[in-house]
Undergrad: 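Got a structure here, written out as structure tokens. Questions coming.
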Amino acid sequence: MDRLYAEASLNRQELLVVLRHLNPETREQLRALAHRKRLGMYGTKVYLRGLIEFSNICKQNCLYCGLRSANRSLERYRLTPEEIADCCREGYELGYRTFVLQSGEDDWYTAERLVRLVSGIKRRFPDTAVTLSIGERDDETYARLFAAGADRFLLRHETASSRLYRALHPTMSFENRRDRLAALQRIGYQVGAGFMVGLPGQTPEDLAEDLLYLKRLDPDMVGIGPFLPHHATPLKDYPAGTLEATLDMIALTRLLLPAALLPATTAMGTAHPYGREMALQAGANVVMPNLSPLAVRPKYALYDNKICLGDESAQCRFCLERRIASVGLEVDMGRGDSLKSLSGAV
Ligand code: SAH
Ligand code: SF4
């Protein structure tokens, strides 16, 4: 672990040795090293992003996800471009300078509509960064959205195990997912990859593969959260990923990719009341408070028991500020670009 701290690299064998020897003592060491690395790279700052979940309509059918198209029990919604712009205005007034627009794979939002939406937001709020998290599209659509002003794109790789990926994604392909991530990087986006921890059938070898893949891809951001079951999916009876294992992966990612932006995810806050605080002390340096209208929050049900369903956007903003301060860190409301993108390496 000391060598990992110093060199930001380990081979597969070495990663597996670390993963197999995690116990309460070594875990604490690992988290402390990751926290020290984060302080060295990003100081005590935590970047806030306003998350707008603008449609829960999805044509895909990922086995773990409550938004999957086969889930007929979910009431579907789609915010209009005007409603999304209103969320941005409220967010802007609360101080947010990054908006994350996330949705299922909803084809009503064509390239044209998305281009109009993104360019409208960038025109009204020129000092903000716009992040898209809308799933897989073709090169041309990604390029047009980038030209319209989208700065960043979150597309988790979900798992770097081709066996597991195939088992969990009946309507998508492992190769195409990786190809889309490569396309986003080529076009010039700041790219966020990421994965779930504790997926049914996931082994330490699979998790080592996730870390090795991330090291090769070298994304600007990495979203990591526990798998959490949703009652209306085929994985409803599987146990959730553990907080401990997820914290291990966040800490290892901080050490392997020191310059990455790492969110303390909502799934972490759902897994444990202080899950996000613990992530922030194990290498994470971003949080994404919810800016979606209250009426739609319960409908964006990726998994069961999702937190923050009843809190106004302003409450989320200040609740998180308190939580961040409680672990000795401080909110930074700036755009919060990754160190990689600032160094011009993108
Ligand atoms: N449709 C887009 C964005 C929305 S889903 C996409 O798939 O890229 C956003 C993320 O939620 C997914 O990448 C997945 O990692 C996570 N997610 C979905 N279902 C989940 C579950 N049951 N437990 C934990 N995370 C989940
Ligand atoms: Fe759709 Fe994304 Fe859920 Fe898959 S993870 S079903 S693509 S919303």
Side-chain angles (χ1 to χ4, degrees), residues 1 3-20 22 30-31 33-35 37-38 40-42 47 131 133 136 152-165 168-169 172 174-186 189-199 202-227 241 245-265 267-268 279 282-286 288 337-341 343 345-346:
M1 290 196 310
R3 197 150 55 73
L4 173 59
Y5 181 89
E7 298 172 8
S9 137
L10 284 186
N11 65 32
R12 183 183 317 264
Q13 261 348 83
E14 295 165 332
L15 274 173
L16 277 170
V17 169
V18 173
L19 289 173
R20 293 208 174 102
L22 287 170
L30 177 65
R31 291 182 203 171
L33 286 174
H35 191 56
K37 182 62 78 179
R38 161 258 166 63
M41 300 302 291
Y42 286 97
Y47 301 116
T131 304
S133 180
E136 298 181 8
R152 309 179 183 144
F153 204 108
L154 306 182
L155 186 79
R156 290 185 176 184
H157 66 279
E158 311 296 4
T159 170
S161 150
S162 59
R163 165 187 55 77
L164 213 49
Y165 191 97
L168 295 171
H169 302 94
M172 293 154 102
F174 179 73
E175 289 74 23
N176 196 50
R177 193 73 171 179
R178 292 185 163 209
D179 181 62
R180 293 302 77 209
L181 278 160
L184 290 163
Q185 281 187 326
R186 228 174 15 246
Y189 285 95
Q190 292 180 47
V191 168
F195 61 104
M196 283 169 282
V197 180
L199 286 164
Q202 195 175 40
T203 63
E205 287 76 12
D206 295 332
L207 292 169
E209 199 57 48
D210 281 311
L211 296 171
L212 292 166
Y213 170 66
L214 287 169
K215 183 72 189 169
R216 278 202 308 278
L217 184 71
D218 194 24
D220 298 270
M221 291 164 274
V222 184
I224 302 171
F227 155 71
T246 313
L247 288 168
D248 295 340
M249 299 313 284
I250 292 172
L252 285 167
T253 303
R254 168 61 65 208
L255 294 172
L256 277 167
L257 291 89
L261 292 161
L262 299 183
T265 54
M268 283 301 274
N285 65 334
V286 171
M288 295 168 48
D337 288 296
S338 76
L339 290 175
K340 182 185 171 196
S341 70
S343 72
V346 167

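This chain uses plain numbering: 1 for the first residue, then up along the sequence.
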Undergrad: What distance separates Leu257 CG from Leu262 CG, expressed to the nearest 0.5 Å?
TA: 8.0 Å
Undergrad: Go through it in stages, so that I can follow the logic: the residues are Val18 and Leu10, the test is side-chain contact (heavy atoms from CB on, under 4.5 Å), and I'd like the CA-CA distance, side-chain angles, deciding distance and then a yes or no.
TA: CA-CA 10 Å; Val18 173; Leu10 284 186; 4.0 Å; yes
Undergrad: State the NZ-CG distance between Lys37 and Leu256, to the nearest 0.5 angstrom.
TA: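 Answer for the NZ-CG pair, Lys37 versus Leu256, is 10.5 Å.
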Undergrad: To the nearest 0.5 Å, how far apart are CZ in Arg177 and OG in Ser162?
TA: 15.0 Å
Undergrad: Any sub-3.5 Å donor-acceptor pair from Arg38's side-chain atoms to Ala284's backbone N or O?
TA: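 Such a contact is found between Arg38 side chain and Ala284 backbone.
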Undergrad: Side chains of Leu255 and Leu30, heavy atoms from C-beta outward: is any pair under 4.5 Å?
TA: yes
Undergrad: Any idea which heavy atoms bring Ala260 and Pro219 closest together, and the distance?
TA: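 Taking every non-hydrogen atom into account, CB-O, 4.5 Å.
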Undergrad: Please report the closest heavy-atom contact between Leu217 and Ala193, naming both atoms and the distance.
TA: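 Nearest pair, atom of Leu217 first, then Ala193: CD2-CB, 3.8 Å.
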Undergrad: To the closest 0.5 Å, what do you measure between CG (Leu154) and CG (Leu181)?
TA: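 Here the interatomic distance stands at 10.5 Å.
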Undergrad: Where does the angle between the aromatic ring planes of Tyr42 and Tyr47 fall among parallel (under 30°), tilted (30 to 60°) and perpendicular (over 60°)?
TA: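 Ring orientation of Tyr42 relative to Tyr47: perpendicular.
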Undergrad: Flag the pair Asp220 / Arg152 as yes when at least one side-chain heavy-atom distance between them is below 4.5 Å, and no otherwise.
TA: no
Undergrad: Show the nearest heavy-atom pair for residues Gly241 and Pro226, with the distance to one decimal.
TA: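 Smallest heavy-atom distance, with atoms named: O-CB, 3.7 Å.
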Undergrad: For the atom pair CG (Leu207) and CE (Met249), what is the distance rounded to the nearest 0.5 Å?
TA: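 Reported value, rounded in 0.5 Å steps: 4.5 Å.
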Undergrad: Does some side-chain heavy atom of Asn285 sit less than 4.5 Å from a side-chain heavy atom of Arg254?
TA: yes
Undergrad: Is there a side-chain contact between Met288 and Thr131 in this structure, where contact means two heavy atoms from C-beta onward sitting under 4.5 Å apart?
TA: no
Undergrad: Is there a side-chain contact between Glu209 and Thr159 in this structure, where contact means two heavy atoms from C-beta onward sitting under 4.5 Å apart?
TA: no
Undergrad: With rounding to the nearest 0.5 Å, note down the distance linking CD1 in Ile224 to CD1 in Ile250.
TA: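 Answer rounded to 0.5 Å: 5.5 Å.
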Undergrad: If you take all heavy atoms of Gln190 and Ser338, which pair is closest and at what distance?
TA: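 Gln190 and Ser338 have their closest heavy atoms at OE1-N, 3.5 Å.
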Undergrad: Keeping Glu14 on the side-chain end and Asn11 on the backbone end, is there a donor-acceptor pair under 3.5 Å?
TA: yes
Undergrad: I need the minimum non-hydrogen distance between Asp206 and Ser161, along with the two atoms involved.
TA: OD1-CB, 3.4 Å
Undergrad: Apply the test side-chain contact (heavy atoms from CB on, under 4.5 Å) to residues His157 and Leu214: give CA-CA distance (whole Å), side-chain angles for both, the deciding distance (0.1 Å), then the verdict.
TA: CA-CA 9 Å; His157 66 279; Leu214 287 169; 3.8 Å; yes
Undergrad: Validate the cation-pi geometry between Arg178 and Tyr165: distance from NZ or CZ to the six-membered ring centre under 6.0 Å, angle to the ring axis within 45°.
TA: no
Undergrad: Determine, stepwise, if the pair Met268 / Leu247 fulfils side-chain contact (heavy atoms from CB on, under 4.5 Å).
TA: CA-CA 9 Å; Met268 283 301 274; Leu247 288 168; 3.5 Å; yes
Undergrad: Mind running side-chain contact (heavy atoms from CB on, under 4.5 Å) on Leu339 and Met41 for me, showing each step along the way?
TA: CA-CA 8 Å; Leu339 290 175; Met41 300 302 291; 3.6 Å; yes
Undergrad: Does the side chain of Met196 reach to within under 4.5 Å of the side chain of Arg156, using non-hydrogen atoms?
TA: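 Result yes, sub-4.5 Å side-chain heavy-atom pair found.
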Undergrad: Does Gln202 reach the side chain of Asp210, with side-chain heavy atoms less than 4.5 Å apart?
TA: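 Of all side-chain heavy-atom pairs linking Asp210 with Gln202, at least one is under 4.5 Å.
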Undergrad: Is any side-chain heavy atom of Leu252 closer than 4.5 Å to one of Leu19?
TA: yes
